[in-house]
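Okay, so here's the structure we're looking at.
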Amino acid sequence: MQKASQLHDVTEMGDTTVDLGKGEPIAITAEGLAKSFPGVAAVNGIDLQVKPGELMALLGPSGSGKTTLLRLFAGLETPTAGRILFGDEDATHLPVRERRVGFMFQHYALFKHMSVAENVAYGLRVRPRRLRPSSAEIAKRAEELLELVQLPGLGRRYPAQLSGGQRQRVALARALAVEPRVLLLDEPFGALDAQVRRDLRRWLRELHDRTGHTTLFVTHDQEEALELADRVAILNRGRLEQLGHADDILDHPATPFVAGFVGDAIRLPVTVEAGWISLGRGKVPAPFQFPSGPAELFIRPSDLTLAHSTGHGTFMGKVVGTRRVGSARRAELVLEDGLPSVEVTLPLEHSVAKGEELHLNLLTMRLFQAR
């Protein structure tokens with residue numbers, strides 16, 4: 001891990017212009033895409049389109065299929081079923097070299113015995129002779145790309161002489177050097193500490209806006225996906241659960257999995273009867289025409305607020321703990337014996353004691369029929 005103090009060179013993008021030689025951005029499409037390994041369906045019939053010039057995140061828990069899907073697009077895995085399109089071209093069985101994909105790994109994968117400039121230029125130097133630029137052109141391109149990724153003058157250094165954030169930017173420059181049609185990034189900042197990750201994802205967004213590549217990146221970091229991407233694809237057990245903008249994912253989860261996975265939500269088993277949800281010692285109204293019966297209610301700390309009065313539409317919770325969260329306070333509450341505890345965010349000046357009972361309102365409803 002690199003300490004945050006080791007990377008204070010993330011600056012504004014400036015006016016550097018590099019001819020990336022990629023032409024117009026293209027769409028990436030998966031149609032019924034599947035990949036099975038012995039006993040495991042890693043990708044299970046996914047339909048997905050990344051729009052031309054879009055920056056999309058693949059988000060999901062470990063084993064959800066996101067890295068396998070990225071490797072299928074890269075040509076590093078062969079699909080069991082379905083097809084892949086780059087623009088209008090069927091790329092399902094194209095070899096890796098012909099796909100013109102820039103691929104960036106989590107752990108840099110830089111050659112330790114090569115200088116920074118040699119690493120950036122590697123993909124160009126190994127091209128067939130008839131497609132290989134001249135040595136002068138390759139050197140010029142490496143220099144231009146190092147300027148683009150904010151590393152001018154570091155071409156003669158070796159990877160071991162750079163910080164983690166700098167090595168990751170060298171890896172991205174190398175991916176760009178091959179004039180890719182699309183960029184595929186696998187946990188691009190996973191090996192870095194939190195502050196460097198925040199700096200680099202801001203920088204990557206600026207870089208993407210300048211270069212316009214169609215870009216797909218894998219992450220397990222929800223904040224990273226929701227902040228950085230134009231749209232987020234949520235994967236679970238090889239299937240696409242939801243695709244949408246950050247507001248769609250957070251405010252309108254399409255499935256119980258998405259509701260529970262994104263935003264630190266707590267799942268509460270509840271019962272709906274005659275349009276009301278029994279919740280602890282109280283009831284709150286269910287969404288219009290929601291059927292009676294067992295249901296699952298997902299609650300985040302921001303969904304709860306203190307009630308100014310009691311009665312219908314409010315419920316109670318007993319404080320079992322408190323903690324400081326930035327400029328606010330979080331109170332942990334038990335609504336009913338046997339239910340998971342939930343949290344409510346309170347103003348810092350609002351002190352509560354363990355054992356105290358609070359009257360609550362529910363501001364947001366994320367309710368699904370029990371499966």
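With rounding to the nearest 0.5 angstrom, the NE2 atom of H252 is 9.5 Å from the OG1 atom of T364. Atoms NZ and OG1, from K35 and T78 in turn, are 5.5 Å apart once rounded to the nearest 0.5 Å. Within the model, atoms NE2 of H359 and CZ of R281 stand 8.0 Å from one another, a figure rounded to the nearest 0.5 Å.
By the 6.0 Å contact criterion, CD on E143 is open, its count of non-hydrogen atoms from other residues, nucleotides or ligands being 12 or less. When the shell of 6.0 Å around CZ of R156 is examined, it contains 12 or fewer heavy atoms from other residues, nucleotides or ligands. Other residues, nucleotides and ligands contribute at most 12 non-hydrogen atoms within 6.0 Å of the CD atom of E273. In R231, the CZ atom is crowded: over 12 heavy atoms of neighbouring residues, nucleotides or ligands sit closer than 6.0 Å. Sparse packing is recorded around CZ of R157, with 12 or fewer heavy atoms of other residues, nucleotides or ligands lying under 6.0 Å away. With a 6.0 Å radius and a threshold of 12 heavy atoms from other residues, nucleotides or ligands, R329 has its CZ atom above the threshold. Taking a 6.0 Å sphere around CG of D264, one finds it holds 12 or fewer heavy atoms contributed by other residues, nucleotides or ligands. The 12-atom threshold is exceeded at NE2 of H350, counting heavy atoms of other residues, nucleotides or ligands nearer than 6.0 Å.
The side chain to side chain contact (heavy atoms under 4.5 Å, CB included) with L360 is formed by just one residue from the set T314, L306, L279, V284; it is L306.
A donor-acceptor pair is defined here as one N or O able to donate and one able to accept, closer than 3.5 Å; such a pair exists between the side chain of T80 and the backbone of S36. Under the 3.5 Å distance criterion, the side-chain polar atoms of R167 are matched with a main-chain donor or acceptor of L162. In terms of modelled atom types and a separation under 3.5 Å, the side chain of E98 and the main chain of P95 share no donor-acceptor contact. With hydrogens and angles ignored, the 3.5 Å screen pairs no side-chain donor or acceptor of T214 with any backbone N or O of V182.
Side-chain atoms of H213 and T215 include no donor-acceptor pair closer than 3.5 Å. Between the side chains of T92 and D90, a donor-acceptor pair is found at a separation under 3.5 Å.
Taking hydrophobic clusters as Ile, Leu, Val, Met, Phe, Trp and Tyr residues chained together by side-chain heavy-atom distances below 4.5 Å, V120 does not share a cluster with Y158. Follow the hydrophobic side-chain contacts under 4.5 Å out from M56 and you reach I84 in the same cluster. Hydrophobic clustering, with ILVMFWY side chains joined whenever heavy atoms are under 4.5 angstrom apart, keeps I138 apart from L148. No path of Ile, Leu, Val, Met, Phe, Trp and Tyr side chains, each step under 4.5 Å between heavy atoms, connects L110 with Y122, placing them in separate hydrophobic clusters. Both L145 and L185 belong to a common hydrophobic cluster when Ile, Leu, Val, Met, Phe, Trp and Tyr are linked at side-chain heavy-atom distances under 4.5 angstrom.
Residues E89 and L94 share a closest heavy-atom pair of OE2-CD1, 3.4 Å. Considering all non-hydrogen atoms of both residues, V352 and A331 come closest at CG2-CB, 4.1 Å. Across all their heavy atoms, G263 and Q222 have their closest contact at N-OE1, 3.0 Å. The two residues M365 and P285 make their nearest non-hydrogen contact at CE-O, 3.3 Å. Minimum heavy-atom separation, G123 to V178: CA-CG1, 3.8 Å.
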*Check the pair E343, R323 against salt bridge (charged side-chain N to carboxylate O under 4.0 Å, His left out), reporting the backbone distance first and the verdict last.*
CA-CA 10 Å; E343 290 188 328; R323 61 190 177 96; 3.0 Å; yes

_K66 vs E187, salt bridge (charged side-chain N to carboxylate O under 4.0 Å, His left out): CA-CA, chis, key distance, verdict_ = CA-CA 10 Å; K66 52 190 187 295; E187 294 275 8; 5.0 Å; no

_Determine whether T219 and L228 satisfy the following criterion, side-chain contact (heavy atoms from CB on, under 4.5 Å), listing intermediate values before the conclusion._
CA-CA 11 Å; T219 182; L228 183 57; over 6 Å; no

*asked:* I'd like to know whether E206 forms a salt bridge (charged side-chain N to carboxylate O under 4.0 Å, His left out) with R202, so could you lay out the CA-CA distance, the side-chain angles of the two residues, the decisive distance to 0.1 Å, and finally the verdict.
replied: CA-CA 6 Å; E206 293 173 3; R202 209 163 34 236; 5.8 Å; no

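Sorted by first and then second residue, the salt bridge (charged side-chain N to carboxylate O under 4.0 Å, His left out) pairs with a member in residues 296-308 read R267-E296, D303-R366; sequence neighbours excluded.
Note: F298 and F368 have perpendicular aromatic rings, judged against thresholds of 30 and 60 degrees for the angle between ring planes. Note: F257 and F261 have parallel aromatic rings, judged against thresholds of 30 and 60 degrees for the angle between ring planes.
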